[in-house]
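Bear in mind that the values here come from a model prediction, so they are computed numbers and not experimental data.
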Amino acid sequence: AKDNYLKAYQYYRIARYPTINADVKKKAYKKSQEMLLKASQYFDVPIERVEIPFEGRKGEGNKIVAYLRVPKMDNAPFPLLFTWGGIDGFKEEGLVSENVNDSALQNGIATLAIDGPGVGDSPIKGSEDAERLFGAVFDWIDKQEGLDSKE
């Protein structure tokens, strides 16, 4: 099942590539996310979809969609590896195309992935002050009991 969900994820991912500039591509992107989350049910550490509050300006969103993975260990709080997609890289791609996340988890490090400004689910487009996105994420991390924001 995991392999089939991952294949379906890849097909939908390619359908939205390289950018979401049409309704059909937006639907493909949402479907790719659905397939990845279903596949992750079979991962050693499943992906948890979280929504981080964001005080967007007019025309911006009010949440940051993120994927959190926390090691299956009893020594919380965990240090965190925070990643984000870039111009044409979406948060989902780093979870299936690289083993960095799995290596981090095996070494007791939680992972959090978001889309960078102007990409995927990001609530803001690229701008001169797009770092506001990261400030909101760091504030959220600081409030999570299971994550060590100091490491």
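Listed by chain and number, the hydrophobic cluster partners of L105 are V45, where partners are ILVMFWY side chains within reach of under 4.5 Å, directly or through others. Alongside I14, the hydrophobic cluster contains no other residue (criterion: ILVMFWY side chains under 4.5 Å).
We find that R13 and E92 are not joined by a salt bridge, their nearest charged nitrogen and carboxylate oxygen being 4.0 Å or further apart.
At a threshold of 4.5 Å between non-hydrogen side-chain atoms, the residues Y17 and K25 do not count as touching.
Partners of Y9 according to the side-chain hydrogen bond (donor to acceptor under 3.5 Å, both in side chains) rule, which considers only residues two or more places apart in sequence or in another chain, do not exist here. Residues that satisfy the side-chain hydrogen bond (donor to acceptor under 3.5 Å, both in side chains) test with Q106, not counting sequence neighbours, are absent from this structure. For K26, the side-chain contact (heavy atoms from CB on, under 4.5 Å) partners at least two apart in sequence or on another chain are I20. With sequence neighbours left out, the side-chain hydrogen bond (donor to acceptor under 3.5 Å, both in side chains) criterion links S127 to D129. E34 is linked by a side-chain hydrogen bond (donor to acceptor under 3.5 Å, both in side chains) to K31, counting only residues two or more places apart in sequence or in another chain. When the ring pair (Phe, Tyr, Trp, His ring centres under 6.0 Å) test is applied to F134, the partners found at least two apart in sequence or on another chain are W84.
Among pairs with a residue in residues 134-147, those fulfilling salt bridge (Lys or Arg N to Asp or Glu O under 4.0 Å) read D142-K150, at least two apart in sequence or across chains. Pairs of residues two or more places apart, or lying in two chains, that qualify as salt bridge (Lys or Arg N to Asp or Glu O under 4.0 Å) and include a residue from residues 60-78 are E51-K63, E60-R132, R69-D102. Within the structure, the ring pair (Phe, Tyr, Trp, His ring centres under 6.0 Å) test picks out no pair touching residues 31-66 (sequence neighbours left out).
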Residues 112-126, side-chain donor-acceptor partners within the protein, below 3.5 Å, at least two apart:
| unit_1 | atom_1 | unit_2 | atom_2 | d |
| --- | --- | --- | --- | --- |
| D115 | OD1 | K91 | N | 2.7 |
| D115 | OD2 | Y29 | OH | 3.2 |
| D115 | OD2 | K91 | NZ | 2.6 |
| D115 | OD2 | D121 | N | 2.8 |
| D121 | OD1 | K30 | NZ | 2.9 |
| D121 | OD2 | Q33 | NE2 | 2.5 |
| D121 | OD2 | K91 | NZ | 2.7 |
| S122 | OG | I124 | N | 3.4 |
| S122 | OG | I124 | O | 3.1 |

